[in-house]
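Below: one structure, written as structure tokens.
Numbers here are sequence positions counted from 1.
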Amino acid sequence: MNLKKTNITDIRVVYKSEEFEMFYAGLSENVKKKFDYVLNVVQTVYSIPQKFIKKLENTDFYEMRVSIGTNEYRSVLFAIDHDNVIESTKIILLNAFVKKSTKDYRKEIEKAENILNSLEL
């Protein structure tokens, strides 16, 4: 699997799976701008506000949160080198989806687990 790496910053390096890249490529330019803003916060802010990153309960994953109007976009991410995303210097965005209900999470977490298991980290 090919992983795309974003620019190196002082705090975190963000890797993107092919699945995340495909989702991102299908977004409108307006939504991409907001994703880029949130990614910049994740990369450059040590203590990331919960508005942008939240731990997914009973998993090893976090969600990156992007809100635009009434649409809620979620990206499942994994902190590669630390249990806590704040302490991590390497994270990977595994997959993303438009949140329609809390029922979406189980399916998306399973998808993220499959992507993570297929990677050689």
Side-chain angles (χ1 to χ4, degrees):
M1 170 175 276
N2 263 344
L3 291 180
K4 293 199 177 187
K5 184 171 138 181
T6 59
N7 293 329
I8 296 175
T9 65
D10 292 338
I11 298 174
R12 287 177 202 89
V13 177
V14 177
Y15 299 91
K16 300 173 184 174
S17 72
E18 291 175 23
E19 290 81 356
F20 177 85
E21 288 284 3
M22 288 181 357
F23 178 84
Y24 181 84
L27 298 174
S28 71
E29 289 305 312
N30 187 36
V31 176
K32 283 181 182 178
K33 283 181 187 177
K34 184 71 181 252
F35 261 84
D36 293 343
Y37 172 78
V38 174
L39 276 169
N40 185 57
V41 170
V42 170
Q43 289 176 301
T44 60
V45 175
Y46 177 74
S47 185
I48 307 164
Q50 193 170 8
K51 173 182 177 180
F52 300 121
I53 295 285
K54 184 179 178 188
K55 177 88 165 106
L56 292 172
E57 291 181 14
N58 303 317
T59 74
D60 293 329
F61 299 111
Y62 288 81
E63 67 177 352
M64 184 176 80
R65 309 164 101 188
V66 177
S67 300
I68 299 178
T70 59
N71 291 325
E72 298 289 330
Y73 298 87
R74 299 294 186 256
S75 303
V76 180
L77 67 88
F78 180 73
I80 297 170
D81 60 346
H82 202 282
D83 291 344
N84 186 331
V85 74
I86 300 296
E87 300 291 324
S88 184
T89 60
K90 296 177 186 175
I91 64 171
I92 182 167
L93 294 165
L94 297 166
N95 58 316
F97 60 101
V98 178
K99 180 183 171 194
K100 295 181 178 141
S101 75
T102 54
K103 294 177 185 176
D104 297 333
Y105 280 92
R106 187 73 247 149
K107 179 178 68 175
E108 295 299 332
I109 289 168
E110 287 173 10
K111 191 183 297 183
E113 287 171 342
N114 290 335
I115 294 167
L116 186 61
N117 289 335
S118 72
L119 298 175
E120 294 179 23
L121 299 179

Going through the distances and angles, do Thr59 and Glu113 end up as a side chain to side chain contact (heavy atoms under 4.5 Å, CB included)?
CA-CA 10 Å; Thr59 74; Glu113 287 171 342; 5.7 Å; no
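- The side chain to side chain donor-acceptor pair (under 3.5 Å) check on Glu87 picks up Tyr46, with sequence neighbours excluded.
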Taking distance alone, no hydrogens or angles, what donor-acceptor pairs closer than 3.5 Å link side-chain atoms of residues 22-30 to residues at least two apart or in another chain?
residue, atom, partner, partner atom, Å
Tyr24, OH, Asp36, OD1, 2.6
Tyr24, OH, Asp36, OD2, 3.1
Ser28, OG, Val31, N, 3.3

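- By the salt bridge (Lys or Arg N to Asp or Glu O under 4.0 Å) test, Glu57 pairs with no residue at all, sequence neighbours left out.
- Rounding to the nearest 0.5 Å gives a distance of 13.0 Å between CZ of Arg65 and CD1 of Ile48.
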Validation: residues 70-82 side-chain donor-acceptor distances under 3.5 Å, sequence neighbours left out:
residue, atom, partner, partner atom, Å
Glu72, OE1, Ser67, OG, 2.7
Glu72, OE1, Arg74, NH1, 3.1
Glu72, OE1, Arg74, NH2, 3.2
Glu72, OE2, Ser67, OG, 3.2
Arg74, NE, Glu63, OE1, 3.3
Arg74, NE, Tyr105, OH, 3.3
Asp81, OD1, Ser88, OG, 2.5
Asp81, OD1, Thr89, N, 3.0
Asp81, OD1, Lys90, N, 3.3
Asp81, OD2, Thr89, N, 3.2
Asp81, OD2, Thr89, OG1, 2.4
His82, ND1, Asn84, N, 3.0

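- Other residues, nucleotides and ligands contribute over 12 non-hydrogen atoms within 6.0 Å of the CG atom of Asn117.
- To the nearest 0.5 Å, the span separating CD1 on Ile53 from CD1 on Ile86 amounts to 8.0 Å.
- When all heavy atoms of Glu19 and Leu94 are compared, the pair lying nearest together is CB-O, 3.7 Å.
- With hydrogens and angles disregarded, a donor-acceptor distance shorter than 3.5 Å links the side chain of Arg12 to the backbone of Val42.
- Interatomic distance, Phe61 CZ to Glu108 CD, rounded to the nearest 0.5 Å: 11.5 Å.
- The distance from atom CD1 of Ile91 to atom CG of Leu39, rounded to the nearest 0.5 Å, is 7.5 Å.
- For residues 43-55, there are no salt bridge (Lys or Arg N to Asp or Glu O under 4.0 Å) pairs, not counting sequence neighbours.
- Distance check, rounded to the nearest 0.5 Å: CD1 of Ile109 to CG of Asn114 gives 12.5 Å.
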